[in-house]
Protein chains: 2
Amino acid sequence: MKPDIAQRRAGGKRRTRVAGLGARRKPARLRAAGEAGAVMRAPKVDLGGLDQFTGYVVRRAQVWIFQDFKRALKDLDVTPAQFSVLKIIAANPGIAQARVAEALSIERARLVQMLDRLEAPGLISRIRSAIDRRSHALHLTGEGARMLERLEERIEEHERNVVERLGAKGKSELLRLLGPFLL
Amino acid sequence: MKPDIAQRRAGGKRRTRVAGLGARRKPARLRAAGEAGAVMRAPKVDLGGLDQFTGYVVRRAQVWIFQDFKRALKDLDVTPAQFSVLKIIAANPGIAQARVAEALSIERARLVQMLDRLEAPGLISRIRSAIDRRSHALHLTGEGARMLERLEERIEEHERNVVERLGAKGKSELLRLLGPFLL
DNA sequence: TATTGTTATACTCTATAACTATA
DNA sequence: TATAGTTATAGAGTATAACAATA
């Protein structure tokens with residue numbers, strides 16, 4: 001059984017046994033906290049070992065990194081997902097939508113809208129294939145290529161923020177550790 | 001300038017210069033790929049260095065881990081986020097909603113619905129605080145505590161899957177590396 | 001029959017704003 | 001004035017299903 005937060009807070013070495021429902025000589029506020037109808041006050045929240053679960057830690061790191069990405073690129077208005085699509089198209093000129101979706105594990109139905117938003121400002125082009133008329137060949141436009149360059153500059157700055165927390169050696173260690181998760 | 005995928009594919013050492021728009025003596029299919037209106041065929045997609053960006057790698061790892069979590073707990077129907085809420089409440093009996101939201105970086109407006117879904121099946125209780133009548137004291141019910149135990153068993157299995165890819169030493173390294181991102 | 005791009009639907013999540021009741 | 005819980009809304013993301021054109 002876990003002692004209530006107020007008890008732990010008031011406790012320290014002085015506390016030898018955990019209070020049940022019976023009152024102690026603590027101030028009413030502290031005595032009540034943890035009992036039904038009382039709320040925890042100011043003290044820091046106990047994560048309860050959550051930070052020992054890989055999923056929790058990786059998720060928090062991912063959120064931090066994406067927020068910093070967003071902040072570093074806010075005036076260019078490009079999301080991490082959009083950036084990854086641009087990179088794939090740049091590296092594979094003429095690639096079909098289904099291949100991009102596959103490579104990034106984006107639903108191809110979802111990719112349609114993503115490409116709409118890259119095509120509208122003229123960053124990419126969709127051209128019906130002459131070979132397989134079901135599919136579209138994707139290419140970066142000149143504007144798209146210039147945009148990608150601008151993005152990469154900003155992302156360098158962002159990566160420096162990440163490496164600041166990771167250490168230069170830390171980044172390569174991290175990439176090595178997480179390699180097996182890239183399906 | 002990046003050569004088109006078909007060219008790279010057909011290339012190898014034999015290729016010394018990249019084709020412009022002019023035709024070469026390749027089969028029409030390969031020659032066309034990468035030009036406007038042609039699509040890339042079967043060869044593996046080039047990630048174009050995406051796997052050197054921390055954000056990409058961490059994101060892919062996070063998705064993998066959450067999918068495995070979901071798979072391992074599918075019959076219990078609990079998401080990673082719900083699990084984290086249960087853990088926080090278990091570790092901080094009587095905690096107020098706003099503190100939980102803060103600790104997990106969930107919008108408190110969003111937490112309302114999450115708690116609704118934990119309260120409905122009787123896993124947690126919300127009790128209006130006698131001390132500060134604006135807030136609710138959150139507690140795990142008996143059923144909630146039992147559920148949490150069952151969850152932890154399943155999550156052990158899930159964590160083993162993760163460690164299988166990370167290595168036992170890898171997990172502790174990972175937690176150490178990502179520690180600085182836990183705000 | 002299978003695949004490609006597309007539309008549509010439902011559910012989840014994020015981000016805000018605003019309201020109420022309390023402090 | 002500020003905070004806690006709540007409701008509402010809009011935008012993204014995820015997950016499916018279905019359809020027309022094409023292979």
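Model, not experiment: these values are computed from the prediction.
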Run the side-chain contact (heavy atoms from CB on, under 4.5 Å) check on B/H158 and B/R71 step by step: do they pass? CA-CA 9 Å; B/H158 154 65; B/R71 188 197 51 66; 5.9 Å; no

Using a cutoff of under 3.5 Å, can you pull out all pairs of nitrogen or oxygen atoms linking the protein to nucleotides 8-12 of chain C, with atom names and distances?
{"from": "C/dT12", "atom 1": "OP1", "to": "B/R117", "atom 2": "NH1", "distance (Å)": "2.9"}
{"from": "C/dT12", "atom 1": "OP1", "to": "B/R117", "atom 2": "NH2", "distance (Å)": "3.4"}

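The 5' end of DNA chain D is approached more closely, in terms of each residue's nearest nucleotide, by B/R128 than by the other of B/R128 and A/R128. In this structure, B/Q97 and A/A130 both approach DNA chain D, and ranking their closest nucleotides by distance from the 5' end singles out B/Q97.
Not less than 6.0 angstrom separates the ring centroid of A/F83 from the ring centroid of B/Y56.
In terms of polar N and O atoms assigned as donor or acceptor, the side chain of B/R134 never comes within less than 3.5 Å of the base of D/dG5 in a complementary pairing.
At distances below 3.5 Å, not a single donor-acceptor pair connects side-chain atoms of A/Q82 with backbone N or O atoms of A/L118.
The environment of B/D75 atom CG is dense: over 12 non-hydrogen atoms of other residues, nucleotides or ligands sit within 6.0 angstrom.
The nucleotide whose nearest atom lies closest to any side-chain atom of B/R133 is, among D/dA15, C/dA23, C/dG5, C/dA23. Relative to the side chain of A/E107, the nucleotides D/dT16, D/dT6, C/dA23 differ in distance, and D/dT16 lies closest. Distance from the side chain of B/R99 is smallest to D/dT3 among D/dA23, C/dT16, D/dT3.
Residues B/V85 and A/L47 share a hydrophobic cluster, clusters being chains of Ile/Leu/Val/Met/Phe/Trp/Tyr side chains in contact below 4.5 Å.
Ion pairing between A/E143 and A/R146 holds under the 4.0 Å rule for side-chain N and carboxylate O.
If you measure from atom CE of A/M114 to atom C1' of C/dG5, you get 16 Å, rounded to the nearest angstrom.
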